[in-house]
Asks: 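Please read through the structure below; I'll follow up with questions.
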Amino acid sequence: MSLSGQIITLVVLVLCSAYFSGTEASFLSSNHIRLKNMSGNGNKRASLVLKLQEKMDDVISTLLIGNNLVNILATAIATTMFTNLSPAYGTTIATIVMTVVVLIFGEILPKSLANQQPERFVMNAAPSFRVIEIILKPLSLLFRPVSAFAKRLGRKKGTVENAAEDELMTMVEEAEEGGGLEEDESDLIRSAIEFNDVDVDEVLTRRVNMTAIEDTTPMDEVRDLFFNNGFSRIPVYHETIDNIIGILYEKDFMANYIKGGKEYLSLLKDVLYVPKSMKISDLLKKFQRSKAHMALVLDESGGIEGLVTMEDILEELVGEIYDEHDEVEVTIQKVGENRWKMTGTAELDDVFEALGLSTDPDEFESTTLSGFLMEEMEHIPVSGEHYIYQDVDFLVTKANRKTVLEVTAKRILKETGEEKQKDPEKES
């Protein structure tokens with residue numbers, strides 16, 4: 001082969017090396033979701049890429065075989081060419097020149113270009129790659145056992161977890177930081193992603209805070225209860241709250257009351273019972289099927305743990321929903337330097353976040369501040385009792401015989417420890 005022929009062959013082989021390197025990079029970095037969208041809009045090349053990605057091991061094997069073949073062939077031709085030009089130093093010159101050329105033009109440059117627009121690059125390369133894949137199929141099949149062995153070895157060494165949810169969360173964070181999503185939009189997406197992970201136990205209204213009526217409650221008292229609280233539904237029980245006999249709807253009761261009705265037990269609707277371990281996503285489907293908006297939550301022994309409504313579930317997605325009857329309750333309020341006032345119903349994760357406590361709230365069975373204090377103190381605290389956790393002094397300022405109603409939390413200054421001796425109630 002003449003010198004000019006050797007040079008042209010080398011240029012073609014380096015271009016082939018660039019093709020294989022760029023195609024490999026674009027296959028690995030292309031966005032699967034974007035390709036699916038383009039395929040759905042009728043882009044045939046995007047559909048071809050998706051089809052090829054279904055057997056990614058074969059794709060990578062073909063690309064590596066092709067890349068190595070052209071690089072080896074290019075090195076052999078370069079060695080022959082430079083040896084003819086300089087018998088003494090030809091091999092050394094060929095090694096140096098081909099290392100630089102292949103590294104720059106066969107690896108770095110094409111991979112950098114491919115990573116800038118991976119979907120466009122891979123769609124342009126896919127049709128020609130399909131032909132190359134057929135040509136190199138025999139060699140690819142020859143090396144398939146090696147790939148299969150590596151897979152088995154990988155499974156033995158460790159289990160690869162499904163990180164799709166974490167990847168989605170990262171994408172949302174990056175989109176928010178890049179200005180593609182507003183904070184409220186990203187919060188909604190995060191809530192939707194985490195929706196399947198939330199148990200009913202995390203959103204229910206606890207038994208101690210439930211409003212229910214006994215089946216002997218007079219009509220006028222029931223009317224006043226609906227008027228004063230703005231409830232649309234109230235559970236009705238017989239003798240004990242663990243024996244709920246039905247749900248009374250406000251619109252049914254009022255229509256009956258206006259007509260002069262003397263009783264309301266005939267108006268009761270069936271009760272929907274659910275376990276506290278049920279996922280709220282499953283409960284939402286149950287609500288939709290049964291056309292219900294309220295369910296009673298059972299504990300392990302079959303007693304009433306609390307109640308949950310459709311509104312409670314929707315608030316997990318969109319945040320608190322208030323209507324004209326709701327009083328906005330501030331559960332955590334900073335009232336001074338290193339001092340907070342909190343209600344007993346404050347969510348434990350919100351409490352720990354506000355106080356900067358390092359412990360994961362999920363380590364406790366309780367989900368509220370009241371439950372946390374009772375769990376840690378192993379009794380129902382009374383007004384005036386202190387409980388110190390890490391560097392925070394919790395003072396119970398209001399309680400009844402069933403639960404903690406209000407707490408003052410104050411961080412203890414680590415430098416002197418003197419704050420520990422002070423009663424927060426005596427400070428202004």
Side-chain angles (χ1 to χ4, degrees), residues 8-74 101-144 146-148 150-151 160 162-181 185 189 193:
I8 292 171
T9 304
L10 272 177
V11 170
V12 172
L13 289 172
V14 171
L15 289 175
C16 289
S17 177
Y19 166 84
F20 285 118
S21 298
T23 303
E24 179 188 357
S26 62
F27 262 113
L28 295 174
S29 59
S30 58
N31 189 303
H32 191 73
I33 296 173
R34 286 199 199 114
L35 289 169
K36 287 195 79 171
N37 286 336
M38 286 187 276
S39 175
N41 292 329
N43 190 314
K44 292 183 179 179
R45 290 194 175 188
S47 300
L48 175 59
V49 174
L50 290 172
K51 189 176 179 180
L52 290 169
Q53 285 181 336
E54 290 176 2
K55 45 180 182 176
M56 201 62 188
D57 287 344
D58 291 343
V59 169
I60 297 299
S61 294
T62 301
L63 289 168
L64 291 176
I65 291 168
N67 204 6
N68 278 284
L69 284 176
V70 296
N71 286 342
I72 292 169
L73 187 57
V101 169
V102 170
L103 190 61
I104 295 175
F105 298 102
E107 293 289 335
I108 296 174
L109 205 58
K111 286 185 176 180
S112 297
L113 291 171
N115 283 325
Q116 288 178 20
Q117 292 183 311
E119 292 81 25
R120 182 179 176 182
F121 195 106
V122 77
M123 285 192 296
N124 287 331
S128 55
F129 174 78
R130 192 76 183 90
V131 177
I132 293 170
E133 184 185 38
I134 295 170
I135 295 171
L136 296 179
K137 189 76 172 178
L139 285 174
S140 181
L141 290 173
L142 186 64
F143 289 103
R144 182 172 288 179
V146 178
S147 178
K151 270 189 172 182
V160 179
N162 183 5
E165 187 172 311
D166 292 336
E167 290 171 2
L168 278 173
M169 288 294 194
T170 302
M171 287 170 64
V172 171
E173 288 175 9
E174 290 178 353
E176 184 180 354
E177 290 172 2
L181 287 175
E185 293 174 328
I189 295 171
I193 294 171

Asks: Answer yes or no: is there a side-chain heavy-atom contact under 4.5 Å between L136 and L69?
Replies: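 L136 reaches L69 side chain to side chain.
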
Asks: So how far is it from I60 CD1 to T23 OG1, rounded to the nearest 0.5 Å?
Replies: 10.0 Å

Asks: If you compare all heavy atoms of A114 against all heavy atoms of A25, which two are closest, and at what distance to 0.1 Å?
Replies: CB-CB, 4.1 Å

Asks: Which value, rounded to the nearest 0.5 Å, describes the distance between N124 atom CG and Q117 atom CD?
Replies: 9.5 Å

Asks: Could you please spell out the steps behind the ring pair (Phe, Tyr, Trp, His ring centres under 6.0 Å) verdict for Y19 and F129?
Replies: CA-CA 9 Å; Y19 166 84; F129 174 78; 7.5 Å; no

Asks: Between E107 and N67, is a side-chain contact (heavy atoms from CB on, under 4.5 Å) present by the stated rule, with each step listed?
Replies: CA-CA 10 Å; E107 293 289 335; N67 204 6; 3.4 Å; yes

Asks: Output the distance between atom CD (E54) and atom CG (L52), rounded to the nearest 0.5 Å.
Replies: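 That separation rounds to 9.0 Å.
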
Asks: Is there side-chain contact between F20 and N68, with at least one heavy-atom pair below 4.5 Å?
Replies: no

Asks: Looking at A18, is its backbone amide N or carbonyl O close enough to the side chain of S21 to form a donor-acceptor pair, meaning the two atoms are under 3.5 Å apart?
Replies: no

Asks: Quick one: does E119's side chain have a donor or acceptor within less than 3.5 Å of a partner on R34's backbone?
Replies: no

Asks: Would you compute the distance between atom CD1 of I108 and atom CG of L113 and round it to the nearest 0.5 angstrom?
Replies: 12.0 Å

Asks: With a 4.0 Å cut-off, would you call R130 and E133 a salt bridge?
Replies: yes

Asks: So M56 and L28, do their side chains get closer than 4.5 Å, heavy atoms only?
Replies: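 Sidechains of M56 and L28: in contact.
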
Asks: Just wondering, do M38 and R45 contact through their side chains at under 4.5 Å, heavy atoms?
Replies: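 Contact flag for R45/M38 side chains = no.
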
Asks: Could you check whether any side-chain heavy atom of F121 comes within less than 4.5 Å of a side-chain heavy atom of N115, counting everything from C-beta outward?
Replies: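 A side-chain contact under 4.5 Å is absent here.
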
Asks: Within the 4.5 Å heavy-atom criterion, are L48 and M123 side-chain neighbours or not?
Replies: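 With C-beta onward as the side chain, the pair stays apart.
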
Asks: If you measure from NZ on K55 to OG1 on T62, what distance do you get to the nearest 0.5 Å?
Replies: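 If I round to the nearest 0.5 Å, the distance is 8.0 Å.
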
Asks: Could you give the distance from CG (L10) to OG (S17), rounded to the nearest 0.5 Å?
Replies: 11.5 Å

Asks: What is the minimum heavy-atom distance between V122 and S26, and which atoms define it?
Replies: CB-OG, 3.5 Å

Asks: Can you find a heavy atom in the side chain of F27 that is under 4.5 Å from one in the side chain of L63?
Replies: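 Of all side-chain heavy-atom pairs linking L63 with F27, at least one is under 4.5 Å.
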
Asks: Just checking, any donor-acceptor pair under 3.5 angstrom between side chains of Q53 and S30?
Replies: yes

